[in-house]
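Let me begin by presenting the structure, written as structure tokens, before commenting on it.
Position 1 is the first residue of the sequence; numbering continues from there.
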Amino acid sequence: MATTAHLFEEPFDADEYIERLAWRTPGGGSKGGAEAFDPKRLLEEFQNHIEELKQLDEKIQRKVEKLEHQCHREAKEFAHKVQDLQRSNQVAFQHFQELDEHISYVATKVCHLGDQLEGVNTPRQRAVEAQRLMTYFNEFLDGDLRSDVFNNPEKIKEAADIIQKLHLIRQLIQEFTAAQRRGEIGRMREVAAVLLHFKGYAHCVDVYIKQCQEGAYMRNDVFEDTAVLCQRVNKQVGEVFSSPETVMAKLIQNIFENKLQAHVKEKLDETRHSDVEQYLKNLYDLYTRTTGLATKLTEFNLGSDKHTFLSKLIKSIFSSYLESYIDMEREYLRTRGAMILQRYYDSKNHQKRPVGAGSIQDLKERIRQRTNLPLGPSIDTHGETFLSPELVVNLLQETRHAFERCHRLSDPSDLPKNAFSIFLLLVDHLCVEHIDYALEIGLSAIPSPDAKNANLYFLDVVQQANSIFHLFDKQFNDQLMPLISSSPKLAECLHKKKEVIEQMEVKLDTGIDRSVTLNCMVGQMKHILATEQKKTDFRPEDENNVMIQYTTACSKVCAYVSRQVEHVRKSMDGKNVDTVLTELGIRFHRLIHEHLQQYSYSSMGGMLAICDVAEYRRCAKDFRVPLVLQLFDTLHALCNLLVVAPDNLKQVCSGEQLTNLDRNLLHAFVQLRVDYRSARLGRHFS
């Protein structure tokens with residue numbers, strides 16, 4: 001194969017290649033030679049050589065494919081490298097652009113800063129020169145030339161220059177003042193334009209500001225006078241000065257730091273220690289009017305950041321007062337609330353009693369013990385609820401004003417905290433010291449169930465307490481919530497309110513009404529029945545001469561129950577009404593049921609008992625409780641057993657209203673008849 005490969009050397013000629021191959025093959029020469037021509041051997045040699053060429057071709061082909069594959073792989077790698085380089089180049093170009101922009105921005109800032117420094121330095125130099133000239137001017141006015149420039153003979157030229165400037169500036173300022181008094185706007189503008197290039201320009205502005213305030217404050221309203229003055233000066237200052245916004249800002253600063261500050265100090269200092277209520281009112285009014293004035297002044301051109309400028313002026317006036325505001329507010333509310341409460345109890349000649357305190361669990365335990373144990377002697381309040389609408393209005397009014405002041409005078413970051421502290425004082429004075437105390441007194445004054453002519457005025461306490469708490473809740477939602485709604489203090493306020501509600505609900509809970517007040521109601525009914533109901537009512541001596549529709553005891557009990565039902569409806573609201581009336585109705589039915597079983601009934605007495613129960617049922621309709629009405633319907637059906645003919649007794653007992661009742665109960669009612677033994681009625685239940 002190596003020999004064959006040698007035959008492919010350049011330049012390659014196919015004919016010559018075959019001749020060489022034949023010549024090199026023994027017996028293959030065309031002209032003969034040492035060996036005779038042997039075509040078979042030559043053919044065999046050609047066939048072998050062809051196979052070698054095929055193998056060589058395959059080998060070369062594999063090598064070519066390998067090289068092509070390697071070439072493709074390297075081409076892809078190169079392409080990826082090129083893409084990475086392009087991306088890197090793009091990022092670098094982007095960074096370059098950003099850097100270029102940043103350099104341009106910094107350069108612009110530097111230029112702007114340079115302009116600002118130049119703008120600041122020039123007025124500063126003028127101010128320094130003006131101050132120096134004013135110092136020299138004061139020395140001339142005092143007649144005492146202390147400066148070295150006037151006492152050093154070597155500085156006589158400098159002294160002469162200063163004297164000339166002072167004289168010229170003074171003349172120009174005097175001319176400007178005279179023109180201002182004459183109202184010659186044109187001349188004022190000319191002089192101001194000349195002074196602009198000299199050190200006396202600032203003094204010219206000061207003179208203008210001072211003179212334009214002369215005669216401006218003739219009324220008692222410094223805020224209204226300031227607004228009118230600034231409105232007038234704003235129209236004029238643009239015609240006189242080249243930078244009117246600077247002059248207006250300086251005028252307003254001068255007014256705030258002199259007129260307004262002096263006015264505020266005078267108004268507040270005279271009441272700060274002598275009359276805290278008036279001090280707080282004055283502080284609120286002055287701060288409100290000052291901020292209102294600042295709002296009006298924002299209409300004028302005062303520079304780029306006029307809101308910050310005005311805020312700083314307001315802060316400079318009120319900062320010392322606002323720092324101590326909330327402490328004075330709390331102390332005033334604490335003292336004022338205590339005074340309002342004490343004044344009310346003094347008007348009632350009432351000495352407040354100590355009441356229980358502690359957690360809700362402690363309160364529930366005290367009331368549980370109170371409702372489960374005998375109450376003992378109750379105190380007599382003579383019908384006084386110890387709840388005063390006037391007192392409540394006064395406390396809520398004071399708190400409303402406090403919330404308004406708090407909203408206006410508190411720093412936004414301290415507003416929720418300050419509002420919460422005011423709310424706690426309201427809870428203490430209104431809910432704890434007044435409502436809660438009245439409930440405690442009301443519970444102590446509830447009479448025992450067997451008391452005669454008991455006055456259940458506790459329901460009046462409940463009614464007034466509910467009304468007062470609705471007012472408290474309205475102020476909570478209307479005035480406190482907007483101040484704390486977006487702060488963490490909201491959760492604390494809601495928790496405190498919930499705690500107050502729970503404490504009141506424990507005392508106003510229908511359980512107390514059922515266990516104590518309702519017992520008193522039922523006790524009063526028992527007393528009426530015991531004193532008014534006679535045995536002869538249901539066994540009249542003359543069966544044929546009964547002229548009444550129902551007994552006196554029934555009439556008085558129904559009248560009493562109707563009053564109590566109306567009382568409950570006025571004193572409570574919502575589901576509490578239904579709950580209490582349901583319990584009262586059940587006890588009312590049980591009392592009448594047990595009461596009727598104490599007597600024996602003749603035929604006419606049974607009819608009168610039916611009439612009484614019909615009247616009780618009519619009274620029960622006022623409860624608007626289906627269960628109560630159903631109970632009295634059943635009782636009315638039971639009373640029919642007192643008058644029905646003996647032969648019909650079994651049929652009546654099987655009626656719709658009595659069929660599901662215990663037969664012992666039916667038998668017990670039949671036994672109340674005076675003819676029970678004579679008519680042998682017991683056989684119907686054997």
inquiry  = According to side chain to side chain donor-acceptor pair (under 3.5 Å), who are the partners of Lys210, at least two apart in sequence or on a separate chain?
reply    = none

ask   = Excluding sequence neighbours, so at least two apart, what forms side chain to side chain donor-acceptor pair (under 3.5 Å) with Gln342?
value = Asp346

Give the table of side-chain donor-acceptor pairs shorter than 3.5 Å for residues 82-102, with sequence neighbours excluded, one pair per line with atom names and distance.
unit_1: Asp84; atom_1: OD1; unit_2: Arg87; atom_2: NH2; d: 2.3
unit_1: Ser88; atom_1: OG; unit_2: Asp84; atom_2: O; d: 2.9

Can you give each donor-acceptor pair under 3.5 Å made by side-chain atoms of residues 467-480, sequence neighbours left out, with the distance rounded to 0.1 Å?
unit_1: Ser467; atom_1: OG; unit_2: Gln463; atom_2: O; d: 3.1
unit_1: His470; atom_1: NE2; unit_2: Asp573; atom_2: OD2; d: 3.3
unit_1: Asp473; atom_1: OD1; unit_2: Lys497; atom_2: NZ; d: 2.3
unit_1: Asp473; atom_1: OD2; unit_2: Asn477; atom_2: ND2; d: 3.4
unit_1: Lys474; atom_1: NZ; unit_2: Asp478; atom_2: OD2; d: 2.6
unit_1: Gln475; atom_1: NE2; unit_2: Leu396; atom_2: O; d: 2.8
unit_1: Gln475; atom_1: NE2; unit_2: Gln479; atom_2: OE1; d: 3.0
unit_1: Asn477; atom_1: ND2; unit_2: Asp473; atom_2: O; d: 3.2

Results of ring pair (Phe, Tyr, Trp, His ring centres under 6.0 Å) for Tyr279 - residues two or more places apart only = none

query = Can you name the salt bridge (charged side-chain N to carboxylate O under 4.0 Å, His left out) partners of Asp206, sequence neighbours left out?
reply = Lys250

ask   = With sequence neighbours left out, what residues match Asp305 under salt bridge (charged side-chain N to carboxylate O under 4.0 Å, His left out)?
value = none

key: Pairs touching residues 233-242 that satisfy side chain to side chain donor-acceptor pair (under 3.5 Å), sequence neighbours left out   = Tyr208-Gln236

Residues 402-413 side chain polar contacts: donor-acceptor under 3.5 Å, at least two apart:
unit_1: Glu404; atom_1: OE2; unit_2: Arg400; atom_2: NH1; d: 2.8
unit_1: Arg405; atom_1: NE; unit_2: Glu329; atom_2: OE1; d: 2.8
unit_1: Arg405; atom_1: NH2; unit_2: Glu329; atom_2: OE2; d: 2.8
unit_1: Ser410; atom_1: OG; unit_2: Cys406; atom_2: O; d: 2.9
unit_1: Ser410; atom_1: OG; unit_2: Asn418; atom_2: ND2; d: 3.0
unit_1: Asp411; atom_1: OD2; unit_2: Ser413; atom_2: N; d: 3.0
unit_1: Asp411; atom_1: OD2; unit_2: Ser413; atom_2: OG; d: 2.6

key: Counterpart residues, side-chain contact (heavy atoms from CB on, under 4.5 Å), relative to Ser243 (two or more places apart)   = Tyr201, Glu245, Thr246

key: With sequence neighbours excluded, residues passing side-chain contact (heavy atoms from CB on, under 4.5 Å) with Asp221   = Phe223, Glu224, Arg289

Which pairs would a plain distance check flag for residues 257-267, meaning a side-chain donor or acceptor within less than 3.5 Å of a matching protein atom at least two apart in sequence or in another chain?
unit_1: Glu257; atom_1: OE2; unit_2: Gln253; atom_2: NE2; d: 3.1
unit_1: Asn258; atom_1: ND2; unit_2: Asn254; atom_2: O; d: 2.7
unit_1: Lys265; atom_1: NZ; unit_2: Asp269; atom_2: OD2; d: 2.9

